[in-house]
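Counting starts at 1 for both ligands and their atoms, following the listed order.
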Amino acid sequence: MILDGRKIAAEIRSDIKIRVREWKRKPAIAFVLVGGHAASVAYVNAKKKACAEVGIGSVLLELADTVTERELVRQIEALNKNEEIDGILVQLPLPKHISNQVVATAIVPEKDVDGLHPMNAGKLLLGEEGGFIPCTPLGIHVLLQKSQIGVSGKHVVIVGRGHLVGKPLAALWMQKRSDCNATVTVVHRGTENLAKYTRDAEILVAAMGQAHFIRKEMIRPKAVVVDVGINRLANGKLVGDVDYDEVSKIASHITPVPGGVGPMTIAMLLENTMKGYMQRGLC
Ligand code: GUN
């Protein structure tokens, strides 16, 4: 069965649209784009379009890839102080001379809708309420919830240990909460005999960023397979980290690429922006 992220995300967006209409001031997010990385430009445009559709305002700050870390931080600090802005998202990747960590820490935690500030990452790890959870892990969680797939008590294997997906998803699903409470294994580049673990997964999340890495031999029959990868092949085709044609035959549920996790990530960015607005006590 296909897990249709596009459909579920559309339902979430129409719900947000109704809620936003009631508010005195329109919530707004600032996107910061450094350089002209083609995929980043496309992602930011998709996010801006989704904001406009639901009635969330957005501004785009475009900076040259030669911008200094100091200048970028100065621009973020101005957005931190701007009362009209509820969320700040600095699109990754950043040029090599700029530290992701310095940038994530420069954003005030209250506007960090990406959930990458150490305060928000720490709250997630400690299971504290009120922080921001990164949009992709949150989107995967909601996609499974809305598809009536619980993770509690299940063996989840996450392939990839990145800050945007693998690590925060592991932290989320390990939490002592009835909608989490999973047994989580994280495997990565350094794992010996990786397939030994993936073959045991009742729920497998592929987030390592390598086209078609997950093959059918690596899957337990009837597993739920969530594909976070977005890779462009030489022929221009967009594919995930999972070999969809093979794996879809043995999985019980699978997310397509595109149309699976991607639209959920964007829907959660809108949700996080609403949360930022509400927590600042402005509605
Ligand atoms: N680049 C790819 N995914 C993301 C994301 O979730 N947030 C940001 N800021 N950059 C990204």
Query raised in the report: Would one find an N or O of T136, backbone or side chain, under 3.5 Å from an N or O of ligand 1?
Result: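 Between T136 and ligand 1 (N or O atoms, distance only) the closest approach is not under 3.5 Å.
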
Query raised in the report: K47 to ligand 1: N or O pair under 3.5 Å?
Result: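 Min N/O separation from ligand 1 is not below 3.5 Å for K47.
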
Between [X] and ligand 1, which residue portion shows a heavy-atom distance shorter than 4.0 Å: side chain, backbone, both, or neither?
| X | value |
| --- | --- |
| L92 | both |
| L164 | side chain |
| L89 | side chain |

Going by an N to O cut-off under 4.0 Å, is there a salt bridge joining [X] and [Y]?
| X | Y | answer |
| --- | --- | --- |
| K196 | D200 | no |
| R215 | E246 | yes |
| E71 | R74 | yes |

Report task. Determine whether more than 12 heavy atoms belonging to other residues, nucleotides or ligands lie under 6.0 Å from atom NZ of K146. Result ->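 It does not: K146 NZ has 12 such atoms or fewer within range.
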
Report task. Output every pair passing side chain to side chain donor-acceptor pair (under 3.5 Å) with a member in residues 129-144, not counting sequence neighbours, ordered by first then second residue. Result ->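 Output for this query lists T136-T265, H141-W173, H141-D179.
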
Query raised in the report: Nearest protein heavy-atom contact for atom 9 (N) of ligand 1: which residue, which atom, what distance?
Result: D114 OD2, 2.4 Å

Query raised in the report: What's the shortest distance from atom 11 (C) of ligand 1 to any protein heavy atom, and which residue and atom give it?
Result: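 Closest protein heavy atom to atom 11 (C) of ligand 1: Q91 NE2, 3.4 Å.
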
Query raised in the report: Is there side-chain contact between V67 and I98, with heavy atoms separated by less than 4.5 Å?
Result: yes

Query raised in the report: In ligand 1, which numbered atoms sit nearer than 4.0 Å to a non-hydrogen atom of V90?
Result: 8 (C), 9 (N)

